[in-house]
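Below you'll find the structure, written out as structure tokens, and then a few comments.
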Amino acid sequence: MSAFQGMEEILQDFLTEASELLSGVDNKLVELERHPEDKKLLNEIFRGFHTIKGGAGFLNVSELVSLCHLTESLFDKLRNGEMQLRAETMDVIMEATGVVREMFNSLAKSSMPAAADPALLAALQAVLDGKIEPATTAPAPAPAAVQDAAAVPDEAQPDWQKLYDAVAPPLPGTAVVTPLPVPVPAQAPPKFPPEGRRATDQPDAEGMRVGRRDNDKVAVSAESTIRIDTTRLDQVLNLSGEIGLAKNRLNCLRTDLLHGKVDQETMRELDQAVSHLDLLVGDLQNAVMKTRMQPVGRLFQKYPRVVRDLSRQLGKQIDLEISGEETELDKTMIEDLNDPLIHLVRNAVDHGIEMPDERLAQGKPAKSVLRLTAEQIGDHIILQIRDDGRGIRPDVLRRKAVEKGLIEAEAAANLDDQEALKLIFLPGFSTKDNISSVSGRGVGMDVVKTNIQKLNGRIEIKSVVGEGSIFTIYLPLTLAILPVLVIKVGTQPFAVPLSLVREIIPINPEDVQEVAGRATMIIRNEVLPIRSLAGMIGWPMDKAPAYGVLLQSSVRSFVLAVDGFVGRDDVVIKPLEDIKPKGIAGATLSGDGSVVLVLDMEQLISEPMRETRADLFRLAA
């Protein structure tokens, strides 16, 4: 039986509010570590924890109340000036907030959380009693990235003391972020995991070895609720009423038509009513989509804690700067962006950013700046992860790809620097020779590319050796409705995501040339390959293609040869049950009721294919 029988709704409200408060507390703690003199910030942290304690007390969650009370007493001493904030103190506080998060997970299962570990309570009490002193010796060097893209020399891995979990606050409805181990200062009391909380040393799907309770679950079920501004709901309600009036007008006109009233005035009124209904439906469609839009800041709020913990583990000094948190994105896309962004942030900290002494030797400041930004441009959202680290060396990527057997040496030599950067997306690719607790298994960037492609997005890389790297993600505003260009092969229509389309051009046989055995066209002084859609999908060709669609994907630009066009449309993609044809993302219905297949262009162009000029025009002779 549930420990909260009859209080389920109150419990859910508490968890929703308390989880947001705790995420805010985590971010403010990271900021407080940078500005320990900020009393206003400390007061906000104190109030957040006090509110969590009050809600837990109302629900009679005594173990959570005890832990919150002890941590709250520590915050009280800090704001009253009775103690100074030190790195060791912050480590213990971060551990406490992680355990509070674990208790929330227990409450989400309608069960009373277990008591906090005695070692954690003892550590909190030791801080309150002033028994933890600042370290008097320099910390041991952190393990360095081994043979990464900047070819940094190996460093000996130190003998760390016990590591404990620092759980990043998870976004509701997404997989729980893997806990990151943090080094414990030599003067701190014995740390975690103690008896009864045995940590396993098995790597998870992202190649991380983490301390975790044996019965902990890695993922939580998707969140089935969403917060919506009442103004947006009012707009939906008003539009629904307007559509009802338009429906009544159409019913009246239908009755007139059935009674033989087909004069010019009636037809004009019918045309106006249909146009008005079309406008209202479009407005309603936009209003409903806006109810699914959520600020991307809900996703960004976990990363200050992740960067703080990982940088302490690696012995690096990093400031995370976030901007554009108010940018809105479809709720489903926010959930699916969790894994790609976590991988990119970890890679930037582990691979991209140098150790402080290395940065000083290069004339850089010891502390690096990692920037995470979001902005809306047109009907796309652009996310950027930018670091000022060592950059990515294309020659190292080529060599590593050949060594791991992912690409032939001849093919690697023919890649330009920009194409070589995309080698990091190959499954199994890694620049590390040894597997560490953070990376090295060659699965991270493959996950990034795969997940972003599922969202109909693309990722681009820019990097300058010695100056840093920029990873840019382009995403559509929503997946609910996809703008497409409907093209034709023979009489069969196909849909191509409009985000990939740059322009439409005629294909004249005299404009097509053959370069290195491939049919190509010169468009604005750029030689682009031509690939026929019929050839890509194995469709029989009964005539030479007449038109070309210039497409720009995350891999390359090329001309897609087709027979004709239907036009632009906004469609709702439906998955094909039980079957997954190659290169088909799903299906939709056209205005006349016919089925239109939506193409997965990224998958289609991944297949090697060489079409000669003769292949393209063999039926035109």
Side-chain angles (χ1 to χ4, degrees), residues 15 18-33 36 41-57 61-79 82-107 113-132 162-170 176-177 179-185 188-194 196-197 199 211-213 216 302 304-306 308-309 312-313:
L15 288 173
S19 295
E20 292 182 1
L21 285 171
L22 188 59
S23 297
V25 165
D26 273 335
N27 288 343
K28 291 182 177 71
L29 285 171
V30 174
E31 187 67 23
L32 183 66
E33 196 169 25
L41 193 58
L42 192 52
N43 282 329
E44 291 175 357
I45 294 170
F46 180 88
R47 285 195 295 271
F49 235 76
H50 185 74
T51 303
I52 293 172
K53 186 183 80 169
V61 188
S62 57
E63 301 299 345
L64 179 55
V65 171
S66 298
L67 178 58
C68 288
H69 179 74
L70 204 55
T71 311
E72 184 184 66
S73 299
L74 198 156
F75 290 142
D76 193 42
K77 279 201 169 189
L78 286 172
R79 70 174 186 167
E82 298 177 28
M83 70 167 58
Q84 304 234 332
L85 183 64
R86 303 183 178 120
E88 306 86 74
T89 304
M90 185 60 73
D91 287 338
V92 178
I93 293 173
M94 288 293 194
E95 174 65 13
T97 61
V99 174
V100 169
R101 178 74 63 181
E102 290 179 5
M103 290 185 174
F104 286 173
N105 292 338
S106 296
L107 290 173
D117 289 304
L120 172 58
L121 299 177
L124 285 168
Q125 193 60 54
V127 174
L128 285 169
D129 295 340
K131 294 178 181 178
I132 293 184
K162 288 188 177 181
L163 304 179
Y164 66 91
D165 305 338
V167 181
V176 175
V177 180
L180 298 172
V182 180
V184 182
K191 280 277 184 169
F192 316 101
R197 192 173 171 224
R212 198 184 285 151
R213 290 183 183 176
D216 275 354
K302 71 177 64 177
R305 173 79 183 261
V306 171
R308 184 261 178 195
D309 290 344
R312 270 185 66 76
Q313 176 192 347

Output the distance between atom [atom1] ([X]) and atom [atom2] ([Y]), rounded to the nearest 0.5 Å.
{"X": "Ile93", "Y": "Leu85", "atom1": "CD1", "atom2": "CG", "result": "6.0 Å"}
{"X": "Lys77", "Y": "Thr89", "atom1": "NZ", "atom2": "OG1", "result": "11.5 Å"}
{"X": "Asn27", "Y": "Leu32", "atom1": "CG", "atom2": "CG", "result": "12.5 Å"}
{"X": "Asn43", "Y": "Phe75", "atom1": "CG", "atom2": "CZ", "result": "11.5 Å"}
{"X": "Thr97", "Y": "Ile52", "atom1": "OG1", "atom2": "CD1", "result": "9.5 Å"}
{"X": "His69", "Y": "Ser62", "atom1": "NE2", "atom2": "OG", "result": "13.5 Å"}

### Message
Go through it in stages, so that I can follow the logic: the residues are Ser23 and Arg101, the test is side-chain contact (heavy atoms from CB on, under 4.5 Å), and I'd like the CA-CA distance, side-chain angles, deciding distance and then a yes or no.
### Response
CA-CA 9 Å; Ser23 297; Arg101 178 74 63 181; 3.2 Å; yes
So do the side chains of [X] and [Y] get within less than 4.5 Å of each other, counting heavy atoms only?
{"X": "Val127", "Y": "Met83", "result": "yes"}
{"X": "Asp26", "Y": "Pro304", "result": "no"}
{"X": "His50", "Y": "Cys68", "result": "no"}

[X]: what forms a salt bridge (Lys or Arg N to Asp or Glu O under 4.0 Å) with it, not counting sequence neighbours?
{"X": "Glu44", "answer": "none"}
{"X": "Arg79", "answer": "Asp76"}
{"X": "Lys28", "answer": "none"}

Search all heavy atoms of [X] against all heavy atoms of [Y] and return the closest pair with its distance.
{"X": "Leu29", "Y": "Met90", "answer": "O-CE, 3.5 Å"}
{"X": "Leu15", "Y": "Phe104", "answer": "CD2-O, 3.8 Å"}
{"X": "Ala115", "Y": "Met103", "answer": "C-CE, 4.4 Å"}
{"X": "Ala114", "Y": "Glu63", "answer": "O-CB, 4.1 Å"}
{"X": "Leu21", "Y": "Gly48", "answer": "CD1-O, 4.2 Å"}

### Query
Can Leu124 and Glu95 be said to form a side-chain contact (heavy atoms from CB on, under 4.5 Å), step by step?
CA-CA 10 Å; Leu124 285 168; Glu95 174 65 13; over 6 Å; no
### Query
Salt bridge check: are Asp91 and Arg308 linked by an N-O gap of less than 4.0 Å?
yes
### Message
Tell me whether Glu82 at atom CD has more than 12 heavy atoms from other residues, nucleotides or ligands lying less than 6.0 Å away.
### Response
yes
### Message
I'd like to know if the side chain of Thr71 and the backbone of Leu67 have a donor-acceptor N/O pair within less than 3.5 Å.
### Response
yes
